[in-house]
Chemist: 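Before I ask anything, let me first share the structure, which is written out below as structure tokens.
When reading the values below, keep in mind they use all heavy atoms of this one structure, side chains included, and skip hydrogens, waters and symmetry mates.
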Amino acid sequence: KSDVVDQIACNMALNYRHRTAFFAPESFPYEGHIKRLANKLNGKVCLNEDLNNTKAFIEEHFFFVKIDLDNLTLDGILEAFRDLVFQKVVNLLVIDPWNMLDHSAQRDHSYVGVMLSKITQFCQQTKTHLFLVAHPRKMAMNENKIYQVPTPYDISGSSDFFNKAFNCVTVYRSLGE
């Protein structure tokens with residue numbers, strides 16, 4: 001999932017000069033993530049010289065939000081994104097993954113819907129697009145021992161991921177193939 005979003009961000013930077021801000025705590029420290037972006041931008045596994053040649057482009061087009069581990073709330077992340085939108089003219093935003101946020105404020109089944117509405121409002125106000133990487137529940141195998149393809153209804157936590165999203169992309173690979 002993360003590789004697909006990274007590739008989209010690279011394509012948007014190369015083709016449309018878009019800038020992307022990432023909140024990706026699973027990719028911390030970000031040096032590894034930066035190298036993966038360089039590999040995608042160059043279409044190969046980069047050596048140090050390739051990394052150095054790509055450094056300026058990456059610094060101009062990709063930004064990484066570092067948030068205090070005690071404050072992993074959606075509000076905190078959106079505030080950091082807002083700063084980057086206005087300071088660096090960021091167009092694309094990535095939260096990867098949703099389950100790494102602090103959801104302790106979740107009180108009832110409406111929580112996810114409220115959070116998704118907050119994201120939608122933020123994107124409309126800032127004229128940005130946000131990729132929200134969300135993992136599905138554990139999928140069942142069919143009679144041929146192949147996992148079912150997840151749908152947005154299968155995302156852990158709420159059917160609102162399907163009901164409120166403008167677009168959903170499923171990344172699936174059959175482990176048997």
Side-chain angles (χ1 to χ4, degrees), residues 1-68 72 74-101 115-136 149-152 154-155 161-162 164-175 177:
K1 296 171 286 292
S2 302
D3 279 340
V4 171
V5 172
D6 285 353
Q7 187 65 62
I8 292 168
C10 287
N11 292 350
M12 296 299 286
L14 288 169
N15 296 323
Y16 304 104
R17 312 289 296 159
H18 278 44
R19 295 176 175 185
T20 302
F22 291 93
F23 172 75
E26 290 181 345
S27 294
F28 190 81
Y30 292 126
E31 291 78 15
H33 195 165
I34 291 166
K35 186 167 184 175
R36 289 191 304 276
L37 291 172
N39 292 343
K40 290 179 186 335
L41 291 166
N42 288 290
K44 64 180 181 178
V45 176
C46 292
L47 303 174
N48 284 340
E49 183 179 338
D50 300 316
L51 292 172
N52 290 334
N53 293 338
T54 312
K55 181 179 179 185
F57 185 86
I58 289 174
E59 288 175 347
E60 183 180 338
H61 292 88
F62 300 98
F63 304 92
F64 297 88
V65 172
K66 296 177 185 169
I67 294 193
D68 184 348
L72 296 176
L74 180 61
D75 287 338
I77 294 163
L78 292 178
E79 188 59 37
F81 280 162
R82 183 179 307 280
D83 291 343
L84 287 169
V85 166
F86 293 118
Q87 293 170 9
K88 303 293 185 180
V89 193
V90 167
N91 315 86
L92 300 173
L93 310 167
V94 177
I95 296 176
D96 181 11
W98 169 255
N99 67 324
M100 289 294 290
L101 275 66
M115 295 298 104
L116 294 176
S117 292
K118 190 176 285 196
I119 289 170
T120 298
Q121 182 179 24
F122 178 87
C123 290
Q124 290 171 342
Q125 290 171 350
T126 59
K127 295 181 174 68
T128 56
H129 178 81
L130 188 138
F131 287 94
L132 178 65
V133 177
H135 300 284
V149 177
T151 72
D154 296 313
I155 297 171
F161 285 106
F162 179 86
K164 291 201 171 208
F166 285 91
N167 298 289
C168 294
V169 176
T170 298
V171 177
Y172 172 82
R173 63 184 167 122
S174 178
L175 298 176
E177 295 178 5

Chemist: Is it true that atom CZ of F86 has more than 12 heavy atoms of other residues, nucleotides or ligands lying nearer than 6.0 Å?
Modeler: yes
Chemist: Is any side-chain heavy atom of V171 less than 4.5 Å from a side-chain heavy atom of V133?
Modeler: no
Chemist: Would you mind reporting whether T128 and V90 have side-chain heavy atoms less than 4.5 Å apart?
Modeler: no
Chemist: First locate atom CD1 of I77, then atom CZ of R82, and finally report the distance between them rounded to the nearest 0.5 Å.
Modeler: 14.0 Å
Chemist: Verify whether one side chain among S117 and K164 offers a donor that lies under 3.5 Å from an acceptor in the other.
Modeler: yes
Chemist: The test is side chain to side chain contact (heavy atoms under 4.5 Å, CB included); show your working for F81 and L130 and say whether it passes.
Modeler: CA-CA 10 Å; F81 280 162; L130 188 138; 4.0 Å; yes
Chemist: Walk me through whether D83 and K88 qualify under salt bridge (charged side-chain N to carboxylate O under 4.0 Å, His left out).
Modeler: CA-CA 8 Å; D83 291 343; K88 303 293 185 180; over 6 Å; no
Chemist: Could you go through H18 and H61, starting from their C-alpha distance and side-chain angles, then the distance that decides it, and tell me whether this counts as side chain to side chain contact (heavy atoms under 4.5 Å, CB included)?
Modeler: CA-CA 7 Å; H18 278 44; H61 292 88; over 6 Å; no
Chemist: Going from CG on N42 to SG on C10, what distance comes out if it is rounded to the nearest 0.5 angstrom?
Modeler: 9.5 Å
Chemist: Would you tell me whether S27 and R36 have side-chain atoms, one donor and one acceptor, within less than 3.5 Å of each other?
Modeler: yes
Chemist: Is there a side-chain contact between R19 and L92 (heavy atoms, below 4.5 Å)?
Modeler: no
Chemist: Flag yes if more than 12 heavy atoms outside E49 fall under 6.0 Å of its CD atom; otherwise flag no.
Modeler: no
Chemist: Roughly how far, to the nearest 0.5 Å, is CD1 of I34 from CG of L41?
Modeler: 11.5 Å
Chemist: Taking C-beta and beyond as the side chain, do T20 and L93 meet within less than 4.5 Å on heavy atoms?
Modeler: no
Chemist: Would you call W98 and M115 a side-chain contact if the rule is heavy atoms closer than 4.5 Å?
Modeler: yes
Chemist: Does a donor on one side chain sit under 3.5 Å from an acceptor on the other, for D96 and S2?
Modeler: yes
Chemist: Kindly say whether the aromatic ring centers of F64 and F62 come within a distance under 6.0 Å.
Modeler: no
Chemist: A side-chain contact here means heavy atoms from C-beta on lying under 4.5 Å apart; do I95 and L74 qualify?
Modeler: yes
Chemist: Do E60 and R17 come close enough that some side-chain heavy atom pair is under 4.5 Å?
Modeler: yes
Chemist: Rounded to the nearest 0.5 Å, what separation is found between the OG1 atom of T170 and the NZ atom of K1?
Modeler: 10.5 Å
Chemist: Are D50 and K44 close enough, and set up right, to give a salt bridge (charged side-chain N to carboxylate O under 4.0 Å, His left out), and what steps lead you there?
Modeler: CA-CA 9 Å; D50 300 316; K44 64 180 181 178; 3.4 Å; yes
Chemist: Can you confirm whether K55 sits close enough to L51 that some side-chain heavy atom of one is under 4.5 Å from a side-chain heavy atom of the other?
Modeler: no
Chemist: What's the separation between atom CG in N99 and atom CD1 in I155, rounded to the nearest 0.5 Å?
Modeler: 11.5 Å
Chemist: Run through F22, F63, F28, F23 and flag the one making a ring pair (Phe, Tyr, Trp, His ring centres under 6.0 Å) with H33.
Modeler: F22
Chemist: Checking side-chain polar atoms at under 3.5 Å, does Q7 have a donor or acceptor matched by the opposite partner on D3?
Modeler: no
Chemist: Would you give the length of the straight line joining atom CG of L14 to atom NZ of K40, rounded to the nearest 0.5 angstrom?
Modeler: 12.5 Å
